> 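Sharing a structure below in structure tokens format, with a few things to ask.
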Amino acid sequence: MLAMVLEKPGSPLRPRRLPVPRPGSGQVLLRVHACGICRTDLHVSDGDLSDPALPLVLGHEIVGTVVDRGAEAHRFAVGDRIGVPWLGWTCGVCRFCLSGRENLCVRARFTGYLVDGGYAEYTVADERYCFAIPPGYADEQAAPLLCAGLIGYRSLVAAGEAARLGLYGFGGAAHLVAQVARRRGQRVFAFTRSGDEEGQRFARELGAEWAGASDQSPPEPLDAAIIFAPVGALVPAALRAVEKGGTVVCAGIHMSPIPSFPYEILWGERVLRSVANLTRRDGEEFFRTAATVPLAVATEPLPLARANEGLDRLRSGAVCGAAVLTMTGEAAPRSALGAA
Ligand SMILES: [Zn+2]
Ligand SMILES: [Zn+2]
């Protein structure tokens, strides 16, 4: 099978022919249809996150069809379309797992970081961490739900019942969160890179009542803000934008250093917190929401072999919505061959 492999952080992914993996006990083998490109993939690829399992197949927004099952794997049938998220395995016995916080498991294995992910034609996954995909979403649209949607949802819950919600960095996650927040009756204020008028227009189309540059003040104070962009300077900016009692959630896995700031912008019981990973419960709740609230998922499809281009576009802020690798390009010649 074709896979795009990270051999060394800081260097481009290499196309490689690898054997199709075999599903172990409790695992399913998936034929991958689509895999989203998440900002976390950039952090792994750039070496911002330590000790990836090299050589590594990136990708943790995987949509595929079950084509084989290992021993003890009974949850899904061959032919089922399922999704594989970032949380690939947890120990089940540490103090975090035992207290409903498996997202913080001390031995957690993450897809496309500590185990191989979905920048490939096939992948294996522990069936207990996979999700059924609501039928209303095409493969390409479903892929970003697996992380951008899911972590976005966990961040939205962490931000509380804020009537006025700010979103910093209007990409894959924020464009989904904005829609869920609007459905919950929240007012949305979007912040983009300065001069990104296309991003601001995109945010308004998805229900933001105001969109501006991240160094601008919103027209009125916010009750909460979620920071999706990996930019530490946004932390004091967001603290200044929220009213007292407000919450600022950092949703990314990595951020540039946060500049020091005066205590008065935290004072007044403002809360600053991060959101890390996901629990299976988050995923189940989110997919129930996604099944009932049809989300418009903006994607930029690219064939698997062009994964590096997708990473570069995400790095430069050129992607509108979510970049998604599709495997149909590689599959087509083979099935055409099979048909002939
Ligand atoms: Zn654990
Ligand atoms: Zn992700």
Side-chain angles (χ1 to χ4, degrees), residues 36 38-40 60-61 83 85-87 90 96-105 108 110 129-134 137 142 144-191 203 206-208 222-230 234-235 238-239 241-253 255 269-297 322:
C38 173
R39 183 164 292 283
T40 297
H60 57 269
E61 296 182 321
W86 171 246
L87 188 73
T90 56
F96 296 105
C97 283
L98 292 175
S99 56
R101 296 177 292 166
E102 65 181 358
N103 59 310
L104 303 177
C105 172
F110 299 109
Y129 298 86
C130 298
F131 299 106
I133 302 287
Y137 295 88
L145 302 181
L146 269 307
C147 184
L150 229 159
I151 303 274
Y153 178 77
R154 186 177 173 85
S155 309
L156 181 63
V157 172
E161 295 185 354
R164 298 162 299 181
L165 177 71
L167 301 175
Y168 285 81
F170 205 85
H175 95 284
L176 299 172
V177 168
Q179 297 173 61
V180 179
R182 291 296 299 130
R183 278 298 280 248
R184 288 161 41 124
Q186 294 170 281
R187 298 167 59 198
V188 173
F189 299 76
F191 299 82
L206 291 174
L222 305 175
D223 300 297
I226 306 173
I227 303 176
F228 292 107
L234 293 177
V235 170
L239 281 170
V242 300
E243 199 159 50
K244 60 188 177 183
T247 298
V248 173
V249 179
C250 302
I253 196 168
M255 203 178 232
E269 301 201 340
R270 289 175 186 83
V271 174
L272 174 62
R273 64 164 291 179
S274 66
V275 149
N277 314 317
L278 68 134
T279 65
R280 284 172 278 182
R281 216 180 112 189
D282 296 326
E284 276 142 27
E285 277 180 31
F286 172 66
F287 278 110
R288 262 201 303 278
T289 305
T292 50
V293 180
L295 298 170
V297 190

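Being a predicted model, the structure only gives us computed values, none of them experimental. Atoms considered below: every heavy atom in the structure, side chains included; atoms not considered: hydrogens, waters and symmetry mates. Along the sequence shown, residues are numbered consecutively beginning with 1.
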> Where is the tightest heavy-atom contact between Ala208 and Ala190, given as atom of each residue plus distance?
CB-CB, 4.1 Å
> Would you mind reporting whether Cys250 and Leu272 have side-chain heavy atoms less than 4.5 Å apart?
yes
> Is it the case that the side chain of Arg270 and the backbone of Val242 share a donor-acceptor pair, with hydrogens and angles ignored and the cut-off at 3.5 Å?
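Yes.
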> With side chains defined as the heavy atoms from C-beta onward, is the minimum distance between Arg182 and Val188 less than 4.5 Å?
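They are in contact (side-chain heavy atoms under 4.5 Å apart), so the answer is yes.
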> side-chain contact (heavy atoms from CB on, under 4.5 Å) between Val293 and Val180: does it pass, once the steps are laid out?
CA-CA 8 Å; Val293 180; Val180 179; 5.6 Å; no
> How many angstroms lie between atom SG of Cys147 and atom CZ of Arg154, to the nearest 0.5 angstrom?
12.0 Å
> Do Arg281 and Thr279 pair up side chain to side chain, a donor and an acceptor below 3.5 Å, judged on atom types alone?
no
> Mark yes or no for whether Tyr137, through its side chain, and Ala290, through its backbone, hold a donor-acceptor pair below 3.5 Å.
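Answer holds: yes.
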> For Phe286 and Leu295, which heavy atoms make the closest approach, and how far apart are they?
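Phe286 and Leu295 have their closest heavy atoms at CZ-CD1, 4.0 Å.
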> Rounded to the nearest 0.5 Å, what's the gap from CD on Glu102 to CG on Leu87? Could you check?
5.5 Å
> Indicate yes or no: at least one non-hydrogen side-chain atom of Leu145 is less than 4.5 angstrom from one of Glu61.
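No. Closest side-chain heavy atoms not under 4.5 Å.
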> Determine the minimum heavy-atom distance between Ala158 and Val275, stating which atoms define it.
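Answer, listing the atom of Ala158 first, then Val275: CB-CG2, 3.7 Å.
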> For the SG atom of Cys38 and the CD1 atom of Ile253, what is their distance to the nearest 0.5 Å?
8.5 Å
> So does Glu161 have more than 12 non-hydrogen atoms from other groups sitting under 6.0 Å from CD?
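Incorrect, the count does not exceed 12.
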> Determine, stepwise, if the pair Leu165 / Ile226 fulfils side-chain contact (heavy atoms from CB on, under 4.5 Å).
CA-CA 8 Å; Leu165 177 71; Ile226 306 173; 4.1 Å; yes
> State whether the side chain of Asn103 and the backbone N or O of Asn277 hold a donor-acceptor pair below 3.5 Å, judged by distance alone.
no
> Check the orientation of Phe110 and Trp86. Use parallel for under 30°, tilted for 30 to 60°, and perpendicular for over 60°.
parallel
> Name the orientation class of the two ring planes belonging to Phe287 and Phe131 (parallel below 30°, tilted from 30 to 60°, perpendicular beyond 60°).
tilted
> I'd like to know if the side chain of Asp223 reaches the main chain of Ala162, judged simply by a donor and an acceptor atom lying under 3.5 Å from each other, with no hydrogens or angles considered.
no
> For the residue pair Phe228 and Val177, establish whether any side-chain heavy-atom pair is separated by less than 4.5 Å.
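The answer is yes; the side chains approach within 4.5 Å.
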> Could you go step by step and tell me if Arg164 and Gln186 meet the side-chain contact (heavy atoms from CB on, under 4.5 Å) rule?
CA-CA 6 Å; Arg164 298 162 299 181; Gln186 294 170 281; over 6 Å; no
> For a 4.5 angstrom cut-off between non-hydrogen side-chain atoms, does Thr90 reach Arg280?
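Side chain of Thr90 against side chain of Arg280, heavy atoms only: contact under 4.5 Å found.
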> Can you tell me how far the CD1 atom of Ile227 sits from the CZ atom of Phe191, to the nearest 0.5 Å?
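So the gap between those two atoms works out to 10.0 Å.
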> Check whether any side-chain heavy atom of Asp282 sits under 4.5 Å from a side-chain heavy atom of Ile151, and report yes or no.
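Asp282 does not reach Ile151 side chain to side chain.
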> I need the minimum non-hydrogen distance between Tyr168 and Ala225, along with the two atoms involved.
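For Tyr168 and Ala225, the tightest heavy-atom pair comes out as CE1-CB, 3.8 Å.
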> Between Leu167 and Ala174, what is the shortest heavy-atom contact and its length?
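What the structure gives for the nearest pair is CD1-O, 3.8 Å.
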> Which pair of non-hydrogen atoms, one from Arg183 and one from Thr292, has the smallest distance, and what is that distance?
NH2-O, 4.4 Å
> Within the structure provided, determine whether Leu206 and Phe170 are in side-chain contact (heavy-atom separation under 4.5 Å).
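They are in side-chain contact.
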